[in-house]
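The structure appears right after this line, and notes come after that.
To find a chain, count down the sequence lines: A is the first, B the second, and so on, and within it residues start at 1. All of these numbers come straight from a predicted model, not from anything done at the bench.
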Amino acid sequence: MRFSNFPISTTKETPADAEVISHQLMLRAGLIKRIAAGIYTWMPLGLKVVRNVERVVREEMENAGAVEVAMPVVQPAELWQESGRWEQYGPELARLKDRHERDFCLGPTHEEVITELAKSEIKSYKRLPINYFQIQTKFRDEIRPRFGVMRSREFVMKDAYSFHEDHASLEKTYWRMHEAYSTIFDRLGLDYRPVEADTGSIGGSHSHEFHVLADSGEDDIAFSTESDFAANVELAEALTPDAVPAEPEPMTMFDTPDTKTIDALEKKYGVAASASIKTLFVEGEDGELVALVLRGDHQLNQIKAEKLPGMSQPLKMAQEEAVKAATGASFGSLGPVGLDARIVVDRAASVLSNFVCGANEDDKHLRGVNWHRDINTFEVADLRTVAAGDPSPCGKGQVEIKRGIEVGHIFQLGTKYSEAMRAEVLDQNGKSVPMSMGCYGIGITRIVAAAIEQNNDENGIIWPEAMAPFSVVLIPLGMDKSENVAEATEALYADLKARGVNVAMDDRKERPGVKFADCELIGIPLRVTVGERSLADGVVEIQGRREAEATRVAIVDAAQHLAERVSG
RNA sequence: CGGGGCGUAGCGCAGUCUGGUAGCGCACCACACUGGGGGUGUGGUGGUCGCAGGUUCAAAUCCUGCCGUCCCGACCA
């Protein structure tokens, strides 16, 4: 590719609304252009990167035995009504009507369509297992699109759906996908971790997320300091801490005017947050109040709470008026003592003795409170989000928390959709059984942003080789003036192309500084400078994007040298 | 959905308080110089000042409504 014939639309200035580095660099390098909130055009240079990611993903999916299909973006409401998600999904599902006033939606994912396909296509266990995948544009009307293509409304995703006659077969494909994903992210040159995850709104039993580690990530991942354990903090189990029960003190009430928070309690009365508890009220499935009790310094994990039997989904915090009517006290003075409601206590809170809590009387708290003696009926559950320094759920080491960008997610769906949509096959006994399903996603366009978050410096993007729009860029200096330079560059360009190297030549009539700056900003891994000065010695200068100094290589060896570096 | 900010040339911004000829930098075009790290000079192109209504002799500027966009919040008792 010649840059004289390829739009390099870089800018020096960063658009004001780009917050994270990848978004800034993608705009500055001219990879994407915003057309509306969360909706972008991929420019020629950016599209090359997207295609490279797609290529690696496609190859590894095929290696793992998946077959490619292309499903529609616009999907009929009937399918979504059948699965129950037309009502469940909420405003994130972009709905539209056709000219006949029939309901449709823009596919945010494709379980319904694929299940319908498998249902009509597969009648016998003999055709199982099968794993269909597609690489396709999705639309989710995100509440808050941000960070460019990291969380956009329209995005490209690879999604795959496998079908099985039983769970054992699903399990096998699931781990095959786990392996394929690892290969994909290895090939793409990303620093990533597979992480145990919540199954979320899609539902199902077992799940791993693949996260690219980066500070700008939107998820918190809990790691063990001593093992391979990694889990989304949404899911990571908080163990019961060891605690020696103290000699019970008498329970006494004390005045706490204008003390609405644990923080205030700590500052004004010297009560350690870890020696106090807080009581939160949520609505159960029948709308009745449920008290959730946590240690003052701990955080409620909504996902864990939601999974308790009898809870509303999604979890609904109770209104203050309702709480006041039930307890007689306002937020800030609530506690479990004398409460006539279901009480669920977090493990860590349940091993406290002589703790402080609200008295269910405004501006008053109790101290010296003890479980069993002062509160008789309660359940104990894992309710809180793990924090750094907690013992690791795996039993070894401590929890360490890092930020991650979710770029892949694999689920075992089981029979959730096949049952709802009656996607059944005849098994060996001639009996009709719902197929077991797995589902496996990779955010293609998000990977592009995630790769930049991980690979950049003050001069711009540094593409991993597999993603780079070009592997090598030739920079001729004074090409229009010097015939030597022009000839040498053209010859090298032709040689590299003949060797199958993805090479570009910056033959624009720009000053050298502009060319150097541009090729660094757009992140080309290898740069070859061809100028009169070095040509006089029969050499060209080759510099890796991460290298501080160029290497002089004889012009006759340059093509060979470059071809080896690209492939190796 | 709640709170806040912003909307003036492709991009980054000033001008708005205090109404009176729409500006600057980058980018773009032309020419000249320059020619191994975003170079210099001269001359140019480009704007219904987000939209609609109102006040006024006069509105980018004041008033009302709407739209777009960004940030924060929706997790605490």
Exercise for review: Would you indicate what A:Arg28 reaches in the nucleic acid, counting non-hydrogen atoms under 4.0 angstrom: base, sugar-phosphate, or nothing?
Suggested key: base

Point to revise | Rounded distance in Å - CG (A:Asp518) to P (B:rG38) | key: 12 Å

Exercise for review: Determine: side-chain N/O of A:Arg144 to OP1/OP2 of B:rC70, distance under 4.0 Å, yes or no.
Suggested key: no

Check your understanding: Taking the six-membered ring for Trp, is the centroid-to-centroid distance between A:His372 and A:Phe378 below 6.0 Å?
Key -> yes

Review point. For A:Glu520, which contact category applies under a 4.0 Å heavy-atom criterion: base, sugar-phosphate, or nothing?
Key: base

Check your understanding: Can you tell me how far P of B:rC72 sits from CD1 of A:Ile143, to the nearest Å?
Key -> 13 Å

Check your understanding: Which part of the nucleic acid, if any, lies within contact of A:Thr14, taking any heavy atom under 4.0 Å across all strands shown: a base, the sugar-phosphate backbone alone, or nothing?
Key -> sugar-phosphate

Check your understanding: Of the candidate nucleotides B:rC71, B:rG36, B:rC70, which contains the atom at the shortest distance from the side chain of A:Glu19?
Key -> B:rC71

Review point. Could one point to a donor on the side chain of A:Arg34 or the base of B:rG68 with an acceptor on the other under 3.5 Å away?
Key: no

**Study point:** Row check, A:Trp80 ring normal vs A:Arg95 NZ/CZ: under 6.0 Å, within 45°
**Key:** no

Exercise for review: Could you tell me whether A:Ala37 contacts a base, only the sugar-phosphate backbone, or nothing, with contacts defined as non-hydrogen atoms closer than 4.0 Å?
Suggested key: sugar-phosphate

Check your understanding: Whom does B:rG46 pair with, Watson-Crick or G-U wobble, provided both distances fall under 3.5 Å?
Key -> none

Exercise for review: Report the base-pairing partner of B:rG68 (Watson-Crick or G-U wobble, both distances below 3.5 angstrom), or none.
Suggested key: B:rC6

Check your understanding: Which part of the nucleic acid does A:Lys515 contact within heavy-atom distance under 4.0 Å: base, sugar-phosphate only, or nothing?
Key -> nothing

